[in-house]
S.K.: 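Okay, here's the structure, questions in a sec.
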Number of protein chains: 2
Amino acid sequence: MHICMDWRSVKFDWNRARAFLVTAEEGSLSAAARALGQAQPTLGRQVSALEDELGLALFERNRRGLTLTPAGLDLLEHVRRMGDAATRVSLAAAGQSQQIEGDICLTASDIYAAYLLPPIIARIRRAHPGIRVEIRATNDLADLRRREADIAIRNTRPEDPALIARKLRDDTARLYATPGYLATLPTPLTEETLKQAKFVGWDHGPTYREQLAHIGLHLEAENFPLITADHVVQWQLVKQGLAIGIVPSALGDSDPSVQRVLPDMPPITFPIWLASHRDLATSRRIRTVFDLLAESLSHA
Amino acid sequence: MHICMDWRSVKFDWNRARAFLVTAEEGSLSAAARALGQAQPTLGRQVSALEDELGLALFERNRRGLTLTPAGLDLLEHVRRMGDAATRVSLAAAGQSQQIEGDICLTASDIYAAYLLPPIIARIRRAHPGIRVEIRATNDLADLRRREADIAIRNTRPEDPALIARKLRDDTARLYATPGYLATLPTPLTEETLKQAKFVGWDHGPTYREQLAHIGLHLEAENFPLITADHVVQWQLVKQGLAIGIVPSALGDSDPSVQRVLPDMPPITFPIWLASHRDLATSRRIRTVFDLLAESLSHA
DNA sequence: GCCAGTCCATGCAAATATGCATAACAGAGA
DNA sequence: TCTCTGTTATGCATATTTGCATGGACTGGC
C-alpha cells in the first residue's frame, strides 16, 4: 500500500460513470434505463451530474436523442474498460459465492427452454427452493463471457477456452407431421415422393437443406414455403398440419397428434453440451445447478 | 453495439465497489472515509451493502478493525483493475476539459513549495481567479501516473514516458551559515578548515556527502550532527546559527541573516524540471498553469 | 394530416443514503 | 490501572436520490 495514496482520481461518482457507459452503449437514456432497471429520468440526471462533475459535455442533446461528443467518445473508451473490470468483479464474486440461495440464469434454445427445461427446473426448485431461476430462451448463443447467462445448454461444442463444457449425450431429431397432413401426400411415402411435400425451414439459407441432405433427403428451396427461426413456432405449425418439420424425438414422440414421417429413416443427431464460465465453477449454487442439469439431461 | 446486451454483470452498485477498494487499500473504514471525504458509517454501510449484494463476506469484522477474507482478497484484485480504469477515466476527463476554472494540484519539494512557489501562485491566481491551486509539498516524488498531482516541479529528469517534461534551467545551491556561527570556526576559512565545521544533513546515508564531494568538500559522518529530510527545517536550523547548510542560492542570498560560506566555491547545480501527465496536456487549464510555471521559473 | 411510438425534460412525493453524535471496544503507554 | 487514540456499530434527523406522472417534440406509417 502506498504511504499516502490519495484517491482524487477515484473520487468521482462511479455509478454515474456506469450510467454514462450504458447510455452510450444502448444509444439512449430510455434504453439504458430499461437495461439497468432504473427510470429514465434517473439516468438522465446521472449523466448530467457526471458532465457537471467532469466539467465536460459528453452528449449532444438533440431533439431526437443523444449523440456522443468527441470528448464523450474519448471517455467512453476508458469507461468501457471500467465496465469490463466490473464484469470481472461480478464474475469473481459469483464464483466465490458459496450460498445456495440466489439467482441463476440459464440459456437454451427456445424449444429446449420450452419443452425440455421446465420439468428439470421443477426438480431444481424442489431440491433448492432458495434458488431463483431465470430462463433466457434464445437461439443465438448467449455470451457467457459477458455473463449474459450463468449456464448454457447448447447443441454445438463450446470452443471458448474461458468456458468449462461437458458433453452430456447425443440427442436425435426426426421428421414429424400430423396424420392429416401425411394423407395429402402420394403413397407409398418414400424419400423420393417426399420431394413433393412441404417443410418448415429455419432460415432462407442452405444450411437446413444441407442438414437434411445428411440423412439422405435432398430437397429444393420450393420445399420450404414456411420459414421461421423459432422452433416453438415451427413445432406449432407442424401440429397444425401445415407441413413436415424436424422436431426433437422426445418431443415428437410424446405428442399423439403427430407421427414420424418415414419411421425407418435414420434420425438427425446432435450433441447436448452444458457450458459455464470457468470463474463461476467455484460457486456452490452454480455448481449445484450445473450438476443437476447434467444429471437430468444426460439420460434421455 | 450488441443486439441485446444485458448489463446483469454491471448492475451492481459501482460506488460500493469503490468503497470496498478504498477500504481494503487504506486498511480501515475510518481511513477510507478520510481519504474519500465521506463519513465512516457511510463507508461501513456501503461495504456491508456490497457484501449483501454479492452474497459474500469480504471482511472479517474484528473489534479492532477489518481483515480481508480470502474471497475479499480475490475480489480486491479485480476491483483494483476497476480503480485503475477509473483513474484513467479521470485523467482523460481532466485532459478533455477546456475550462479554465477548476482545481489544479501542484507538487514540489518542501522548500520550493515554501519559498519559490508562493509568488508564482499569486501570479496564477491574479491571472486566473477561477483556478484553485492545491500545493503538495513533499520530497518523495508524487506519482503523476496515479494523478497524485497534475504538475510536478522536480530536480531530477522525469523518466516516465507517460509524462511530458520540460527542463527549465539549472538552479544552484550554496553553503550558507550565520555570521555568528562562522565566527566559531577557525580562520581563515578554507576547504580544509571547514572539516571542523558542523553541517545539516539530509539523511543517514552517504548521498549527501557525495554531493558535497562533487564540489571539492570531503567530509565525514561526524560533520553531520543534525539530520533532517525536511529542507525547510534545515533552512531554519541554518538561520538559527546551528550549522552550515546547503540552501538554494536565491533563498540564501535573499536573507540578510545568513551569508555564503567560502563565496568563491563553485555552487552545486541541479536542474529544474516541470512534468505533467501526457493525457493532461490537452487540458486548457493545466496547459495554462504549466506554461505560466515554466515562464515564471525559467528565468532565475 | 393524424396517430402511434419514440425520445428527453421537469415537478413532486416517497424511498434511500448520508452525516452527526455517540456508544462500545481494543491496544499502547504512563 | 487509567487515559488516550484508534477502531467499528447504531440511532436519528436531514439531504439526496429515485421513480412516477406528466408535458413537449420529433419520426414514420397510413
Side-chain angles (χ1 to χ4, degrees), chain A residues 1-5 7 10-54 56-69 71-73 76, chain B residues 1-5 7-8 10-54 56-69 71-73 75-76:
Chain A
M1 190 181 63
H2 298 81
I3 301 174
C4 182
M5 176 120 183
W7 300 90
V10 159
K11 263 187 190 169
F12 70 90
D13 193 306
W14 285 16
N15 282 338
R16 291 173 180 167
R18 183 188 56 173
F20 168 61
L21 170 63
V22 180
T23 302
E25 296 280 15
E26 292 289 325
S28 80
L29 291 175
S30 313
R34 280 191 299 272
L36 242 52
Q38 288 185 303
Q40 164 263 320
T42 302
L43 271 288
R45 284 186 279 240
Q46 283 187 344
V47 170
S48 298
L50 181 65
E51 289 181 314
D52 291 348
E53 199 170 12
L54 302 178
L56 208 55
L58 301 172
F59 289 109
E60 198 143 328
R61 263 95 173 154
N62 304 325
R63 298 273 172 226
R64 181 155 159 52
L66 306 177
T67 53
L68 279 165
T69 61
L73 200 63
L76 175 58
Chain B
M1 188 181 64
H2 299 80
I3 300 175
C4 182
M5 177 119 180
W7 299 89
R8 232 158 57 87
V10 159
K11 264 187 189 170
F12 70 90
D13 193 306
W14 285 17
N15 282 338
R16 292 173 180 167
R18 182 189 57 174
F20 167 61
L21 170 64
V22 180
T23 302
E25 296 282 14
E26 292 290 326
S28 80
L29 291 174
S30 314
R34 279 191 299 273
L36 243 51
Q38 288 185 303
Q40 166 263 322
T42 302
L43 270 289
R45 285 187 276 242
Q46 284 186 345
V47 170
S48 298
L50 180 65
E51 288 180 314
D52 292 347
E53 200 171 11
L54 302 177
L56 208 53
L58 300 172
F59 289 109
E60 201 144 322
R61 261 97 173 153
N62 306 326
R63 265 297 160 217
R64 177 149 168 60
L66 306 178
T67 53
L68 279 165
T69 60
L73 200 63
L75 221 59
L76 175 58

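Note on naming: letters A, B, ... go to the chains in the order of the sequence lines (proteins, then strands), and numbering restarts at 1 for each one. Given the structure is predicted, the values throughout are model-derived calculations rather than measurements.
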S.K.: Would you kindly give the CD-to-P distance between A:E60 and C:dC8, to the nearest whole Å?
M.R.: 14 Å
S.K.: Minimum heavy-atom separation for B:L21 to A:W14, with atom names?
M.R.: CD2-CH2, 4.0 Å
S.K.: Between A:Q38 and A:L43, which heavy-atom pair has the shortest distance, and what is it?
M.R.: OE1-CD2, 3.4 Å
S.K.: Reckon B:S30 touches a base, only the sugar-phosphate, or nothing at all at heavy-atom distances under 4.0 Å?
M.R.: base
S.K.: Just wondering, are more than 12 heavy atoms of other shown residues or ligands nearer than 6.0 Å to CD in A:E53?
M.R.: yes
S.K.: Can you name the closest pair of heavy atoms from A:A31 and A:E26 and give their distance?
M.R.: CB-CB, 3.8 Å
S.K.: What are the two closest non-hydrogen atoms of B:L68 and B:F59, and how far apart are they?
M.R.: CD2-CE2, 3.5 Å
S.K.: Out of D:dC20, C:dA21, C:dC7, which nucleotide sits closest to the side chain of A:S28?
M.R.: C:dC7
S.K.: Enumerate, in order of first residue number, the stems that involve DNA chain C, defined as 3 or more consecutive Watson-Crick or G-U wobble pairs with both distances under 3.5 Å.
M.R.: C:1-30 with D:1-30
S.K.: Quick one: B:R61 CZ to D:dA9 P, roughly how many Å, whole number?
M.R.: 5 Å
S.K.: I need the CG-P distance between A:L66 and C:dC7, as an integer number of Å.
M.R.: 11 Å
S.K.: By nearest nucleotide on DNA chain D, pick out whichever of A:L43 and B:P41 is the more 5' one.
M.R.: B:P41
S.K.: At under 4.0 Å between heavy atoms, which parts of nucleotides 12-18 of chain D does protein reach? Answer with one letter per nucleotide, 5' to 3': B base, S sugar-phosphate only, - none.
M.R.: -----SB
S.K.: Looking at the side chain of B:R34, which of C:dA9, C:dA21, D:dT7 is the nearest nucleotide?
M.R.: D:dT7
S.K.: Search all heavy atoms of A:R18 against all heavy atoms of A:L36 and return the closest pair with its distance.
M.R.: NE-CD2, 4.2 Å
S.K.: Tell me: CD of B:Q40 to C1' of D:dT5, nearest whole Å?
M.R.: 15 Å
S.K.: Minimum heavy-atom separation for B:G44 to B:L29, with atom names?
M.R.: CA-CD1, 3.6 Å
